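Computed from a prediction, not measured in an experiment: that's the story for all the values here. Order of the sequence lines sets the chain letters (A, B, ...), proteins ahead of strands, with each chain counted from 1. Just the heavy atoms: all of them, side chains too, but no hydrogens, waters or symmetry mates, feed the values below.
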Number of protein chains: 2
Amino acid sequence: MGLILRKNKIERPTNCPLTDVVDLLSKAWALAIIWNLSILPRRFGELRHDLPTISARVLSIRLHELEARGLVVRQPMQSPPPSSQYVLSALSQDFLPILNDLTKIGHRLTNMTPEYNEFS
Amino acid sequence: MGLILRKNKIERPTNCPLTDVVDLLSKAWALAIIWNLSILPRRFGELRHDLPTISARVLSIRLHELEARGLVVRQPMQSPPPSSQYVLSALSQDFLPILNDLTKIGHRLTNMTPEYNEFS
DNA sequence: CTGTATCCATGATGATACTG
DNA sequence: CAGTATCATCATGGATACAG
């Protein structure tokens, strides 16, 4: 677990594989996107439909991130009109059971302070 | 996975156990704290020493959150001077192997765009 | 349809100073 | 030592408009 220097001079532990995954998954809608793709490959517009309140901007960013990290594969479909389809990678398939284990832990979390932030 | 209405009118999928865990772990220093406590129970100042660049404010918030969710137990030590010690809960112990699995996935993540944010 | 660019509101976090 | 309050800053994400 190394230390990197961020733009705003904040040192945080990173370059840690575990932190990497968690950071990736904690971004808005990331898990929802993975969940939807695990059911069926989807196109951009279909994901927008499945996630009614997501913005196109965030969906685009998230898909790029997940693709860059190897969790999602973008399949251009040359059939006019030009379209594309997003599919879970093999890595993501190995990943789903672990998410399932994590969910079990989630069920056991207590919830004494639902929104414990900033000494609320 | 339900939908809640947040203060700023943003609807996000939440009340999802998986999202809960991931959100908890993705907060700054959360994993580092858990990691350190998994080695040995620690007091506040010892954790500050282990995590040299953490601020007391964030350490305090994180410990409260982890305690409220049942991952960390705070043990007041009545021996003067008044002190306290933080220990991982039994739930956390069940949790560690899953974190280990997640780490393996992390190792397999590609890293084509290290800082893919905001169309950088 | 599939994105991308700009703008802005909010939340998270570090720095610092302070309390028992 | 063990926190807590206040403040400033930066990244995230939504809304909207725009492009191929």
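With sequence neighbours left out, the side chain to side chain contact (heavy atoms under 4.5 Å, CB included) criterion links Ser84(B) to Arg74(B), Tyr86(B). Every residue two or more places apart in sequence or in another chain was checked for a side-chain hydrogen bond (donor to acceptor under 3.5 Å, both in side chains) with Gln93(A), and none qualifies. For the side chain to side chain contact (heavy atoms under 4.5 Å, CB included) test, residues two or more places apart in sequence or in another chain that qualify with Ala56(B) are Phe44(B), Arg48(B). The side-chain hydrogen bond (donor to acceptor under 3.5 Å, both in side chains) test applied to Glu46(B) returns no partner, not counting sequence neighbours.
Here the side chain of Ser60(B) is nearest to one of dT4(D), dG14(D), dT13(C), namely dT4(D). Here dT13(C) is the nucleotide among dG13(D), dT13(C), dG3(D) with the atom lying nearest to any side-chain atom of Val58(B).
What separates CG of Leu59(A) from P of dG14(D) is a distance of 11 Å, to the nearest Å. Rounded to an integer number of Å, the gap from Phe44(B) CZ to dG3(D) P is 6 Å. When rounded to the nearest whole Å, the span between CG of Leu51(B) and P of dA2(D) equals 15 Å. Between the CZ atom of Arg62(A) and the P atom of dT2(C) there is a distance of 19 Å, given to the nearest Å. Going from atom CZ of Arg48(A) over to atom P of dG3(C) covers 11 Å, rounded to whole Å. Computed from coordinates, the Leu66(B) CG to dG3(D) P distance equals 14 Å when rounded to whole Å. Regarding Lys27(A), its NZ atom lies at a distance of 15 Å from the C1' atom of dG11(C), rounded to whole Å. Between Met77(A) atom CE and dC1(C) atom P the separation is 15 Å, expressed in whole Å.
Residue Ser84(B) has a polar side-chain atom (N or O) positioned under 4.0 Å from OP1 or OP2 of dG3(D). At the phosphate of dT2(C), OP1 or OP2 sits under 4.0 Å from a side-chain N or O atom of Arg43(A). In this model, the phosphate group of dG3(C) is not approached by any side-chain N or O of His64(A) to a distance below 4.0 Å at OP1 or OP2.
The C1' atoms of five pairs define one axis at each end of the helix from dC1(C)-dG20(D) to dG20(C)-dC1(D), and these two axes lie 40° apart (to 10°).
Residue pairs meeting the salt bridge (Lys or Arg N to Asp or Glu O under 4.0 Å) criterion with at least one partner in residues 83-102 of chain B, sequence neighbours excluded, are Arg108(A)-Asp94(B), Asp101(B)-Lys104(B).
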